[in-house]
Amino acid sequence: MKDQEDTQIQKLLMRVSHAYFVSLYHQLDEIEVHPGQVPLLILLNRERELSQKEIAGKLCISAPTVATSIRRMEKGQMVDRRQDEKDQRVSRIFLTEKGKACTAQVQKIFAENEKKLIQGFSEAELCLFQRFCEQLEENIKTLERGTKK
């Protein structure tokens, strides 16, 4: 019975995360933002301007991934770059007015989603749910990562 319960929790987690991602993907698509661009938009909104190396470090992603995202976001006119005043070899990435507007829309979507997601839960249930999710996150960290052979 225990193994079946474990499998059910995994299925539930996958269904919930998939359902939310699909919904969020469609919401972001309407404002021409890819889900992978959201952390970069939020980071640049908070930090104002950063180098690609700083972005990679703060988001814990590879430099090539940052470069690809920035190129796409430049093409979509959400970010721009300028040379660093102190080191001309370094480009500083910053949000354009369109990027700032997209970030505001993303934050609005997240706030509205949050209200809808917690609808029907008491404060005690939300507190328990948060505690359960935090425990799940800790437990996930103990899972063995796959190894390529």
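Nothing here was measured: the structure is a model prediction, and the numbers come from that model.
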Contact check, side chains of [X] and [Y], non-hydrogen atoms, under 4.5 Å:
| X | Y | value |
| --- | --- | --- |
| Glu112 | Lys115 | no |
| Val66 | Leu40 | no |
| Gln27 | Asn113 | yes |
| Asn45 | Gln107 | yes |
| Asp80 | Phe94 | yes |
| Phe129 | Ile118 | no |

Neighbour count above 12 (heavy atom, 6.0 Å) for [X] [atom1]:
| X | atom1 | result |
| --- | --- | --- |
| Gln130 | CD | no |
| Glu134 | CD | yes |
| Glu32 | CD | no |

Report whether [X] and [Y] are members of the same hydrophobic cluster (ILVMFWY, side-chain heavy atoms less than 4.5 Å apart, transitive linking).
| X | Y | result |
| --- | --- | --- |
| Leu117 | Phe21 | no |
| Tyr20 | Leu13 | no |
| Val33 | Phe110 | yes |
| Leu128 | Phe121 | no |

Exercise. Does Asp87 pair with Arg89 as a salt bridge, N-O distance under 4.0 Å?
Worked result: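 Between Arg89 and Asp87 there is a salt bridge, with a charged N closer than 4.0 Å to a carboxylate O.
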How many angstroms lie between atom [atom1] of [X] and atom [atom2] of [Y], to the nearest 0.5 angstrom?
| X | Y | atom1 | atom2 | answer |
| --- | --- | --- | --- | --- |
| Ser91 | Gln83 | OG | CD | 4.5 Å |
| Ile140 | Gln135 | CD1 | CD | 10.5 Å |
| Ile70 | Leu44 | CD1 | CG | 7.5 Å |
| Gln37 | Leu28 | CD | CG | 9.0 Å |

For this session: Applying salt bridge (charged side-chain N to carboxylate O under 4.0 Å, His left out), name anything that partners Lys141, two or more places apart in sequence or on another chain.
Result: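 Residues passing salt bridge (charged side-chain N to carboxylate O under 4.0 Å, His left out) with Lys141: Glu138.
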Problem set entry | Any residue meeting salt bridge (charged side-chain N to carboxylate O under 4.0 Å, His left out) with Arg46, in chain and number order, not counting sequence neighbours |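 None.
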Problem set entry | Smallest separation among heavy atoms of Thr96 and Val79, with atom names |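 Nearest heavy atoms, Thr96 then Val79: CG2-C, 3.6 Å.
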Exercise. What's the shortest heavy-atom distance between Lys86 and Asp84, and which atoms?
Worked result: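 Distance-wise, the nearest heavy atoms are N-OD1, 2.7 Å.
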Pairs under 3.5 angstrom only: tabulate donor-acceptor contacts from the side chains of residues 98-106 to other protein residues two or more places apart or in another chain.
{"from": "Lys98", "atom 1": "NZ", "to": "Gly76", "atom 2": "O", "distance (Å)": "3.0"}
{"from": "Thr103", "atom 1": "OG1", "to": "Gly99", "atom 2": "O", "distance (Å)": "2.8"}

Problem set entry | Parallel, tilted or perpendicular: ring planes of Tyr25 versus His34, cut at 30 and 60 degrees |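 Tyr25 and His34: perpendicular rings.
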Distance-only criterion, 3.5 Å: show the donor-acceptor pairs between side-chain atoms of residues 52-64 and protein atoms not counting sequence neighbours.
{"from": "Gln52", "atom 1": "OE1", "to": "Arg81", "atom 2": "NH1", "distance (Å)": "3.1"}
{"from": "Glu54", "atom 1": "OE1", "to": "Ser51", "atom 2": "N", "distance (Å)": "2.7"}
{"from": "Glu54", "atom 1": "OE1", "to": "Ser51", "atom 2": "OG", "distance (Å)": "3.4"}
{"from": "Glu54", "atom 1": "OE1", "to": "Arg92", "atom 2": "NH1", "distance (Å)": "3.2"}
{"from": "Glu54", "atom 1": "OE1", "to": "Arg92", "atom 2": "NH2", "distance (Å)": "3.4"}
{"from": "Ser62", "atom 1": "OG", "to": "Thr65", "atom 2": "N", "distance (Å)": "3.3"}
{"from": "Ser62", "atom 1": "OG", "to": "Thr65", "atom 2": "OG1", "distance (Å)": "2.8"}

Problem set entry | Partner set under side-chain hydrogen bond (donor to acceptor under 3.5 Å, both in side chains) for Lys116, not counting sequence neighbours |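 Not a single residue meets the side-chain hydrogen bond (donor to acceptor under 3.5 Å, both in side chains) criterion with Lys116.
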For this session: Write out all pairs satisfying salt bridge (Lys or Arg N to Asp or Glu O under 4.0 Å) with one or both partners inside residues 119-133, taking only residues at least two apart or from two chains.
Result: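 Of all non-adjacent pairs touching residues 119-133, none passes salt bridge (Lys or Arg N to Asp or Glu O under 4.0 Å).
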